[in-house]
Amino acid sequence: MDALLAVKEIVYERKEMSLAELGALMAANWKGREELRLRMLRSKRKWGVNDPEANALGSEIAKRLSSVINGRPNSRGGRFGMSGHNARQFIVQGAKTGATPDGRRKGEEFSKNLSPTMGADTEGVTALIQTLAALDSKDFPGDFPLDVMLLPYTVSGDKGLEMMKALLSQYYANGGLMMQFNVFDAEELKDAQAHPEKYENLQVRVCGWNVRWNDLPKVEQDAYIRRAEEIAR
């Protein structure tokens with residue numbers, strides 16, 4: 001929905017270029033328009049910041065998809081059920097896809113599970129949880145997972161644990177079913193990348209499972225570092 005809102009802004013509201021011109025710019029991977037790319041990348045009209053328009057669009061998309069997917073017979077005698085879980089496809093499909101109007105460059109990852117795109121959740125975890133409340137978890141009988149990255153100091157000690165408990169309680173009260181946490185900062189991950197021998201036991205949550213940091217390709221390690229840098233801003 002971020003890309004749809006970006007098209008709406010660039011083409012139909014600001015009228016900065018035609019739809020064909022925007023398509024050509026995407027084919028050129030934003031070449032020559034870095035200022036526009038950054039503006040769209042930093043736009044607040046994104047999934048994950050509790051923006052009313054993005055929430056309404058996300059809800060409409062989910063309802064329309066669930067109406068044609070859920071309950072449809074499959075070839076194994078069962079029935080399909082829509083899921084918000086995308087395993088590693090946010091990386092695999094992102095690598096195969098060109099630039100998108102929301103500021104994403106060619107080959108960069110998509111959003112993971114029902115979470116926002118990297119760096120889009122600029123209004124904090126509470127706004128992120130409120131965003132997910134725009135969806136009806138019953139439309140996702142397959143899975144309804146939200147991924148959250150937190151800085152260590154925000155969940156340290158008794159007060160930190162109470163804060164994490166409050167987040168989970170709010171998420172479940174809003175109809176959420178699963179929340180997956182990664183708790184680390186960018187400097188720790190950079191040190192782990194530079195000195196892997198010191199971090200043999202460091203694990204990260206990928207998408208419903210854990211992976212040793214040292215087993216991740218560098219490009220995926222870099223993505224986690226970027227996420228940690230974004231939430232620290």
Side-chain angles (χ1 to χ4, degrees), residues 1-6 41 43-72 80-97 100-104 108-150 155 164-183 204-211 220 223-224 226-228 230-231:
M1 73 260 334
D2 292 355
L4 293 176
L5 290 174
L41 189 68
S43 171
K44 296 298 183 182
R45 299 171 76 177
K46 301 259 187 180
W47 178 257
V49 299
N50 200 27
D51 173 75
E53 188 175 17
N55 290 0
L57 183 58
S59 176
E60 181 181 353
I61 290 172
K63 284 294 182 186
R64 287 175 181 264
L65 285 174
S66 67
S67 68
V68 298
I69 294 174
N70 290 335
R72 185 178 294 273
F80 287 109
M82 191 164 75
S83 172
H85 182 99
N86 57 27
R88 293 188 75 259
Q89 292 304 307
F90 71 103
I91 297 172
V92 175
Q93 297 302 323
K96 299 176 180 179
T97 305
T100 47
D102 57 339
R104 177 186 155 278
E108 291 183 343
E109 65 182 49
F110 287 130
S111 57
K112 179 165 64 169
N113 292 335
L114 296 174
S115 305
T117 54
M118 186 191 307
D121 50 338
T122 56
E123 302 304 303
V125 183
T126 300
L128 176 56
I129 291 173
Q130 290 171 336
T131 296
L132 265 289
L135 303 179
D136 186 347
S137 58
K138 294 191 294 294
D139 290 333
F140 296 81
D143 208 347
F144 192 77
L146 172 64
D147 292 76
V148 175
M149 180 178 285
L150 298 172
V155 292
M164 184 177 283
K165 178 183 176 182
L167 289 176
L168 286 165
S169 297
Q170 182 184 2
Y171 180 58
Y172 294 140
N174 288 342
L177 296 177
M178 178 193 297
M179 185 182 289
Q180 303 178 149
F181 291 101
N182 273 310
V183 183
V204 297
R205 192 75 171 169
V206 177
C207 198
W209 65 88
N210 286 6
V211 173
E220 295 183 29
Y224 279 95
R226 285 173 55 198
R227 290 193 199 104
E230 289 288 346
I231 65 170

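For reference, positions follow the sequence shown, starting with 1.
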query = Are Arg226 and Glu109 close enough, and set up right, to give a salt bridge (charged side-chain N to carboxylate O under 4.0 Å, His left out), and what steps lead you there?
reply = CA-CA 12 Å; Arg226 285 173 55 198; Glu109 65 182 49; over 6 Å; no

request  = Just do the side-chain contact (heavy atoms from CB on, under 4.5 Å) check on Glu220 and Arg88 with the steps written out, would you?
outcome  = CA-CA 11 Å; Glu220 295 183 29; Arg88 293 188 75 259; 2.2 Å; yes

query = Could you go step by step and tell me if Asn55 and Asn50 meet the side-chain hydrogen bond (donor to acceptor under 3.5 Å, both in side chains) rule?
reply = CA-CA 7 Å; Asn55 290 0; Asn50 200 27; 2.8 Å; yes

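Note that the CG atom of Leu146 and the OH atom of Tyr171 stand 5.0 Å from one another [nearest 0.5 Å]. In this structure, Gln170 CD and Ile129 CD1 are separated by 4.5 Å, a value rounded to the nearest 0.5 Å. Note that the CE atom of Met1 and the OG atom of Ser111 stand 8.0 Å from one another [nearest 0.5 Å]. Atom OG in Ser83 sits 12.5 Å away from atom CG in Asp139 (nearest 0.5 Å).
One N or O on the side chain of Asn70 and one on the backbone of Met82 form a donor-acceptor pair closer than 3.5 Å. In this structure, the side chain of Asp51 engages the main chain of Glu53 through a donor-acceptor pair within 3.5 Å. Remark: the backbone N or O of Thr117 is not paired with any side-chain donor or acceptor of Lys46 at under 3.5 angstrom. The closest donor-acceptor contact from the side chain of Trp47 to the backbone of Leu114 lies under 3.5 Å.
Nearest heavy-atom pair across Gly58 and Leu135 is O-CD2, 3.5 Å. Taking all atoms of both residues into account, the shortest heavy-atom contact from Val155 to Met164 is CG1-CE, 3.6 Å. Closest non-hydrogen pair, Gly81 versus Ile69, comes out as C-CG2, 4.3 Å. The minimum heavy-atom distance between Pro145 and Gly84, with the atom names listed, is CD-C, 3.8 Å. A pairwise comparison of heavy atoms in Ser115 and Asp147 identifies OG-N, 2.9 Å as the closest pair. In terms of heavy atoms, Lys112 sits closest to Arg205 at NZ-O, 3.6 Å.
Two residues are said to be in side-chain contact when any heavy atoms from C-beta on lie closer than 4.5 Å; Asn113 and Gln180 meet this criterion. Under the 4.5 Å side-chain criterion, counting only non-hydrogen atoms from C-beta, Phe144 is in contact with Leu132. Here the side chains of Lys63 and Asp136 are in contact, with some heavy-atom distance below 4.5 Å. Put simply, the side chain of Ile61 does not reach to within 4.5 Å of the side chain of Arg64, judged on heavy atoms.
A side chain to side chain contact (heavy atoms under 4.5 Å, CB included) with Phe110 is found for exactly one of Asp2, Ile91, Asn86, Thr97, namely Thr97.
Heavy atoms of other residues, nucleotides or ligands lying less than 6.0 angstrom from NZ of Lys44 number more than 12.
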